[in-house]
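Protein chains get the first letters and strands the later ones, always in sequence-line order, with residue 1 at the start of each.
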Protein chains: 2
Amino acid sequence: MKREYNGTSALQKKGHFITTQRRLLLDLLYEAEGHIDAKELYRRAIEKDASISQATVYRSLSLFKELGLIDEMRLGGVQCYYEIKQGIDHQHLICQGCGKIIEIDIPHFQESINKIQKDHCFKVTKVELYMHGYCTDCGNKS
Amino acid sequence: MKREYNGTSALQKKGHFITTQRRLLLDLLYEAEGHIDAKELYRRAIEKDASISQATVYRSLSLFKELGLIDEMRLGGVQCYYEIKQGIDHQHLICQGCGKIIEIDIPHFQESINKIQKDHCFKVTKVELYMHGYCTDCGNKS
DNA sequence: TTAAGTGCAAAGGCTTTGCAGCATA
DNA sequence: TATGCTGCAAAGCCTTTGCACTTAA
């Protein structure tokens with residue numbers, strides 16, 4: 001699996017061990033194909049390895065984040081959500097009705113960011129844009 | 001104080017009591033002139049009213065948020081930050097070096113939001129844009 | 001007067017951490 | 001073999017909640 005290889009090689013490059021737990025968690029993050037929180041990741045992990053601990057899940061997420069393999073985001077609740085870092089940045093529409101998360105690309109968004117960086121002498125490393133509201137289905141209901 | 005009046009009248013309109021605690025907390029939120037978290041708000045509150053409880057702080061913040069008096073945001077840490085809702089929306093630059101938060105206005109941002117709403121049939125009620133990175137000072141250091 | 005609000009303390013949910021044993025390189 | 005990693009359990013934070021007392025209207 002090409003994708004898994006990317007993750008594990010990033011671990012190796014920085015001198016981290018490739019453990020069965022980390023390999024499993026990376027696989028699950030790729031399979032998730034989107035946003036997943038630590039609790040759900042742990043739930044899926046113990047299905048494949050009953051002995052894995054929550055501590056390992058949190059420690060791995062923290063490491064993956066540090067290595068830039070995943071993005072962390074807060075979508076309104078208490079907990080964080082994670083997803084494999086994508087080549088192209090995308091932003092989020094969060095439905096307050098059904099909780100659905102819609103990923104969107106915003107045309108020319110990068111240009112706006114570049115302008116902001118210039119105007120404020122600020123070097124942007126990460127952008128998070130969350131738009132809360134109501135999706136088509138939930139909007140029609142009310 | 002005109003500003004305080006706004007807050008308390010919003011309470012009254014919806015049939016909520018104006019208590020000394022709520023008045024104090026609204027005052028402190030206005031005085032903060034920016035982002036403040038529940039813990040800091042509580043710290044400032046007990047300086048003026050030693051008997052106020054954390055529960056009241058959290059319950060009041062929750063009420064103010066529901067009434068649309070304040071905005072809640074997550075700036076990277078575990079806890080939430082709050083600020084009096086401003087007439088004009090502004091967005092945030094968050095410095096990863098010194099933790100400074102810079103509020104910015106983005107020209108024509110509302111137009112972009114409108115387009116997104118239209119394109120995705122999504123009714124946006126709240127927009128959060130966080131740009132993490134390094135401010136002028138911290139950018140120069142590295 | 002009376003429903004709403006408060007303080008207190010305990011509990012809840014998510015995340016982190018210390019430590020002894022285990023596994024990768 | 002020697003670090004680094006893991007599992008376990010406990011602790012840490014932030015936030016919420018139950019209950020009896022208090023207070024605004």
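We find that CG of A/L67 is positioned 14 Å from C1' of D/dG4, with the value rounded to whole Å. Going from atom CG of B/L63 over to atom P of D/dT16 covers 13 Å, rounded to whole Å. A straight line from CD1 of A/I52 to C1' of D/dC5 spans 12 Å, rounded to a whole angstrom. With rounding to whole Å, A/E72 atom CD is found 11 Å from C/dT15 atom C1'. One can place CG of B/D37 at 12 Å from C1' of D/dC13, the figure rounded to the nearest angstrom. Summarising the geometry, the separation between OH on A/Y42 and C1' on C/dT16 is reported as 15 Å, rounded to the nearest angstrom. Computed from coordinates, the A/L61 CG to D/dT6 P distance equals 12 Å when rounded to whole Å. Spacing between atom CG of B/L11 and atom C1' of C/dA3 amounts to 16 Å, rounded to whole angstrom units.
Inter-residue side-chain proximity for B/Q110 and B/V127 is flagged as unmet; no heavy-atom pair is nearer than 4.5 Å.
An OP1 or OP2 oxygen of D/dC8 is reached within less than 4.0 angstrom by no side-chain nitrogen or oxygen of A/S53. The side chain of B/Q21 places no N or O atom within less than 4.0 Å of a non-bridging phosphate oxygen (OP1 or OP2) of D/dA24. Taking 4.0 angstrom as the limit, B/K39 places a side-chain polar atom (N or O) nearer than this to OP1 or OP2 of D/dC14.
Nucleic acid contact for A/S62: none, since no nucleic acid atom lies under 4.0 Å from a heavy atom of the residue. Within 4.0 Å of B/Q54, counting heavy atoms only, lies at least one base atom of the nucleic acid.
A donor atom on one side chain and an acceptor atom on the other are not found under 3.5 Å apart for B/S60 and B/Q21. A/H92 and A/E128 share no side-chain donor-acceptor pair at under 3.5 Å. No hydrogens or angles considered: nothing links the side chains of B/S112 and B/N114 as a donor-acceptor pair under 3.5 Å.
Closest approach to the B/D49 side chain among C/dC14, D/dG7, C/dG7 is made by C/dG7 (side chain taken as heavy atoms from C-beta onward).
The residues A/E40 and A/R43 are annotated as salt-bridged, a charged nitrogen and a carboxylate oxygen being separated by less than 4.0 angstrom. A salt bridge links B/K115 with B/D119; the closest basic N to acidic carboxylate O contact falls under 4.0 Å.
In this structure, B/K39 places its NZ atom where only 12 or fewer heavy-atom neighbours from other residues, nucleotides or ligands lie under 6.0 Å away.
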**OP:** Go along nucleotides 17-25 of chain C 5' to 3' and tag each nucleotide: B for a protein heavy atom under 4.0 Å from its base, S when only backbone or sugar atoms are that close, - otherwise.
**Re:** BB-----BS

